[in-house]
Amino acid sequence: QVQLVESGGGLVQPGRSLRLSCAASGFPFSRYGMGWYRQAPGKECELVASVTSTGDSTNYADLVKGRFTISRDNAKNMVYLQMNSLKPEDTAVYYCNAKMTPLQRICVMTPGPARWGQGTQVTVSS
């Protein structure tokens, strides 16, 4: 059964850090580039970070460049997102999935090799 399980979200103050984790199972994880996506209320799905299948190259949305770091461990079928210097505008539900384009407005409506997980809520507020 294909499954993606995100964890690590929470409520944090601006300027603090969080580390998100995503456990993948049931699909050939190491063959796919992976991404972290986010969905803020009333906003379109956004790909914030991606990593190649081998982990040797990463890419970031301009809004998070220099603050977020994506990584993966193919031996454990895990992908991570280290988020530093968090801002209120980073508040969203964060999902992981294979890197996909184009994206639907709603993240979970985008078809891909793995079913979307529940996501993990990140709230940045003082």
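Count residues from 1 along the sequence.
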Task: side-chain hydrogen bond (donor to acceptor under 3.5 Å, both in side chains) against Gln3, all qualifying residues, sequence neighbours excluded - done: none
Open item on the list: With rounding to the nearest 0.5 angstrom, report the CD to CG distance, Gln82 to Leu20.
Closed with: 8.5 Å
- [ ] Determine yes or no for a side-chain-to-main-chain donor-acceptor pair under 3.5 angstrom, with Thr110 supplying the side chain and Gln104 the backbone.
- [x] yes
Task: Minimum heavy-atom distance between Ser125 and Leu11, given as atom pair plus value - done: CB-CD1, 4.2 Å
TODO: Taking all heavy atoms of Ala114 and all of Asn97, pick out the closest pair and write down the distance.
DONE: O-ND2, 3.1 Å
Task: Residue pairs passing the ring pair (Phe, Tyr, Trp, His ring centres under 6.0 Å) test where at least one lies in residues 4-35, sequence neighbours excluded - done: Phe27-Tyr32
Task: Residue pairs, two or more places apart or on separate chains, that pass salt bridge (Lys or Arg N to Asp or Glu O under 4.0 Å) and touch residues 66-89 - done: Arg67-Asp90
Task: Heavy-atom donor-acceptor pair, Gln121 side chain to Gly9 backbone, under 3.5 Å - done: no
- [ ] List, by chain and number, the other hydrophobic cluster members for Met78, where Ile, Leu, Val, Met, Phe, Trp and Tyr join if side-chain heavy atoms come within less than 4.5 Å, directly or indirectly.
- [x] Tyr80
TODO: For residues Cys22 and Trp36, determine if any side-chain heavy atom of one lies less than 4.5 Å from a side-chain heavy atom of the other.
DONE: yes
Open item on the list: The criterion is salt bridge (Lys or Arg N to Asp or Glu O under 4.0 Å); which residues satisfy it with Asp62, sequence neighbours excluded?
Closed with: Lys65
Task: Any Tyr37 side-chain heavy atom under 4.5 Å of Val93 side chain - done: no
- [ ] Output every pair passing side-chain hydrogen bond (donor to acceptor under 3.5 Å, both in side chains) with a member in residues 11-28, not counting sequence neighbours, ordered by first then second residue.
- [x] Ser17-Asn84
Task: All pairs passing salt bridge (Lys or Arg N to Asp or Glu O under 4.0 Å) where residues 94-119 contributes a residue, at least two apart - done: Glu44-Arg105
Task: Close side-chain approach of Ile70 to Val79, heavy-atom, < 4.5 Å - done: yes
Open item on the list: Looking at every non-hydrogen atom in both residues, tell me the closest pair between Thr91 and Ala40 and how far apart they are.
Closed with: O-CB, 3.6 Å
Open item on the list: The criterion is ring pair (Phe, Tyr, Trp, His ring centres under 6.0 Å); which residues satisfy it with Tyr95, sequence neighbours excluded?
Closed with: Trp116
Task: Minimum-distance pair of heavy atoms, taken over all atoms of Leu81 and Ala49 - done: CD1-CB, 4.0 Å
- [ ] With sequence neighbours left out, write down each residue that passes salt bridge (Lys or Arg N to Asp or Glu O under 4.0 Å) with Glu46, or none if nothing qualifies.
- [x] Arg38
Task: Check: Glu6 side chain, Gly119 main-chain N or O, donor-acceptor pair, under 3.5 Å - done: yes
TODO: Check side-chain hydrogen bond (donor to acceptor under 3.5 Å, both in side chains) between Ser30 and all other residues, then give those that pass, not counting sequence neighbours.
DONE: none
TODO: Using the rule that two of Ile, Leu, Val, Met, Phe, Trp, Tyr join whenever any of their side-chain heavy atoms come within less than 4.5 Å, decide whether Leu4 and Val48 are in one cluster.
DONE: yes
- [ ] Would you please name every residue forming a ring pair (Phe, Tyr, Trp, His ring centres under 6.0 Å) with Tyr60, sequence neighbours left out?
- [x] none
Task: Min side-chain heavy-atom separation Gln39-Cys45 under 4.5 Å - done: yes
TODO: Quick one: closest heavy-atom pair of Thr58 and Val51, and the distance?
DONE: CG2-CG2, 3.9 Å
Task: Residues forming a side-chain hydrogen bond (donor to acceptor under 3.5 Å, both in side chains) with Thr52, sequence neighbours excluded - done: Asp56
